[in-house]
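In what follows, a structure is listed as structure tokens, so that the remarks can point back to it.
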Amino acid sequence: MHHAPLGFFDSGVGGLTVVRAVQQLLPAENILYLGDTARLPYGSKSPQTIRQFSHEDVRFLISQGVKAIVIACNTATAHALPELQKTYQIPILGVIEPGVEAVLRDPSAQRIGIIATRGTIASHAYQHALALRKTGLIIHAQATPLLVPFIEENWIDHPATRAVLQTYLEPLVAKGIDTLMLACTHYPLLIPILQQVLPPEVRLVDSATTCAEHLRSNLQALHLLNPSDASGKLQLYLTDLSEEFEQLTRQFLEKPAGRIQRAVLGAQ
Ligand code: DGL
């Protein structure tokens, strides 16, 4: 089981930001990544639909023999994590607890802005998790549904993206946030432009690195870490293949992605 891959899933290729952090921290691990590009975005769908898709994603990964699963999608974590953990025997981790931990690593964090899909903001999962961990925080949550389509369109350093970001962030900046939680696995790609748009004192936080650390301690506790000295392999599956997705995959991974295979869900 140690050599079995870790399974990751996201609605698209955004979850590869988490994969990159895991590859840095746990280079020996084999990784199998599923992006449900045929049904992207999850962020604007109902909780029932997100749960249904998440079950299909998990069943696909289990059918491929993974040893643990990371939900590399905030929207799916927000709506489906507890139900998935109850349904399946395999260890399943989400990105919200690690994200909250990343925010609270700076004890001076007090006024927290959260940007995410509509689904994640409406679930209140981050707001609750933060409030449970620390009293007295001032939390401002802002749904930013236009950002994922802009990123998927590869409009990262683009005047339209900058204008949309300014519009979304103005109310948060006006409220004096000291921290901005990037509560969507696509958003780390926007960090360079966010740094230009936001006042320099606002700290940007995403959950990729802390998620990799959570995964390491979970695997350690379960004696599931891969002891190999060789570098792990990455296998990529998407439910819809296109030139654009392949190009985006390279961008998220910051290197060529190798062969991408098409996954058919619902057959397990
Ligand atoms: N990757 C998803 C997340 O972290 C956003 C993309 C989507 O809406 O499907 O919430």
Side-chain angles (χ1 to χ4, degrees), residues 7-22 33-58 69-81 84 92-100 102-103 114-127 129 141-156 161 164-165 168 180-191 194 204-212 214 236-240 242 244-245 248-249 251-253 263 265:
F8 289 70
F9 79 86
D10 178 33
S11 54
V13 290
L16 290 171
T17 53
V18 183
V19 166
R20 229 171 46 197
V22 171
Y33 181 90
L34 170 66
D36 192 6
T37 44
R39 302 189 290 193
L40 175 103
Y42 282 11
S44 51
K45 304 222 163 49
S46 70
Q48 293 89 319
T49 301
I50 295 162
R51 280 195 282 275
Q52 180 207 321
F53 290 173
S54 301
H55 275 284
E56 290 174 18
D57 297 332
V58 165
I69 291 175
V70 176
I71 309 179
C73 172
N74 287 268
T75 312
T77 303
H79 290 291
L81 177 65
L84 295 174
I92 303 181
L93 271 76
V95 279
I96 292 184
E97 272 307 315
V100 166
V103 168
I114 304 169
I115 55 170
T117 65
R118 274 209 183 94
T120 300
I121 297 295
S123 75
H124 288 94
Y126 267 98
Q127 297 91 312
Q142 168 80 52
T144 47
L146 289 174
L147 297 183
V148 167
F150 276 57
I151 296 166
E152 294 279 334
E153 197 55 43
N154 217 346
W155 281 17
I156 310 268
T161 313
V164 166
L165 273 175
Y168 279 144
L180 182 67
M181 175 71 220
L182 311 182
C184 172
T185 48
H186 279 68
Y187 297 174
L189 257 68
L190 295 175
I191 288 175
L194 279 164
L204 293 174
V205 175
D206 72 78
S207 46
T209 309
T210 33
C211 183
H214 272 222
L236 289 173
Y237 284 87
L238 300 179
T239 52
D240 184 50
S242 69
E244 286 74 30
F245 284 134
L248 265 178
T249 303
Q251 189 146 346
F252 273 95
L253 283 174
L265 302 186

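As the structure lists them, so they are numbered: ligands from 1, and atoms in each ligand from 1.
- Distance from atom 8 (O) of ligand 1 to its nearest protein heavy atom, with residue and atom name: G43 N, 2.8 Å.
- A donor-acceptor pair is defined here as one N or O able to donate and one able to accept, closer than 3.5 Å; such a pair exists between the side chain of T210 and the backbone of P98.
- With a 6.0 Å radius and a threshold of 12 heavy atoms from other residues, nucleotides or ligands, R118 has its CZ atom at or below the threshold.
- C184 SG, 3.4 Å is the protein heavy atom nearest to atom 5 (C) of ligand 1.
- In terms of N/O distances under 3.5 Å, ligand 1 is approached by N74.
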Carefully, step by step, assess Y187 and L147 under the rule side-chain contact (heavy atoms from CB on, under 4.5 Å). CA-CA 8 Å; Y187 297 174; L147 297 183; 3.7 Å; yes
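- Taking every non-hydrogen atom of S11 and a distance limit under 4.0 Å, the qualifying atoms of ligand 1 come out as 1 (N), 2 (C), 6 (C), 7 (C), 9 (O).
- When each atom of ligand 1 is checked for a heavy atom of D10 under 4.0 Å away, the hits are 1 (N), 2 (C).
- Proximity of G12 to ligand 1 is not established, as no heavy-atom distance is less than 4.0 Å.
- Annotation: atom 2 (C) of ligand 1 to nearest protein heavy atom, C73 SG, 3.5 Å.
- Contacts between T185 and ligand 1, counted as non-hydrogen atom pairs separated by less than 4.0 Å, involve both the backbone and the side chain.
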Give the table of side-chain donor-acceptor pairs shorter than 3.5 Å for residues 15-22, with sequence neighbours excluded, one pair per line with atom names and distance.
from	atom 1	to	atom 2	distance (Å)
T17	OG1	G14	O	2.9
T17	OG1	T185	O	2.8
R20	NH1	F252	O	2.6
R20	NH1	E254	OE2	3.4

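- Between G14 and ligand 1 there is no heavy-atom distance shorter than 4.0 Å.
- Residues T239 and L34 form a side-chain contact, since some pair of their non-hydrogen atoms from C-beta on lies under 4.5 Å apart.
- Side-chain atoms of Q52 and Q48 form no donor-acceptor pair, as typed in the model, at a separation below 3.5 Å.
- Contact atoms of ligand 1 toward Y42: 7 (C), 8 (O), 9 (O) (distance under 4.0 Å to a heavy atom of the residue).
- The side chain to side chain contact (heavy atoms under 4.5 Å, CB included) check on E244 picks up S242, with sequence neighbours excluded.
- Close approach to T117 involves these atoms of ligand 1, each under 4.0 Å from a residue heavy atom: 5 (C), 8 (O), 10 (O).
- Contacts with ligand 1 closer than 4.0 Å are made by side-chain heavy atoms of V148 only, the backbone lying farther away.
- Atoms of ligand 1 lying under 4.0 Å from any heavy atom of H186, numbered from 1 in the order shown and given with element: 1 (N), 5 (C), 6 (C).
- A side-chain donor-acceptor contact under 3.5 Å links D57 and Y42.
- Any N or O atom pair closer than 3.5 Å counts here, and T75 shares at least one such pair with ligand 1.
- Side-chain N or O atoms of S123 include none that pairs as donor or acceptor with a backbone N or O of H79 at under 3.5 Å.
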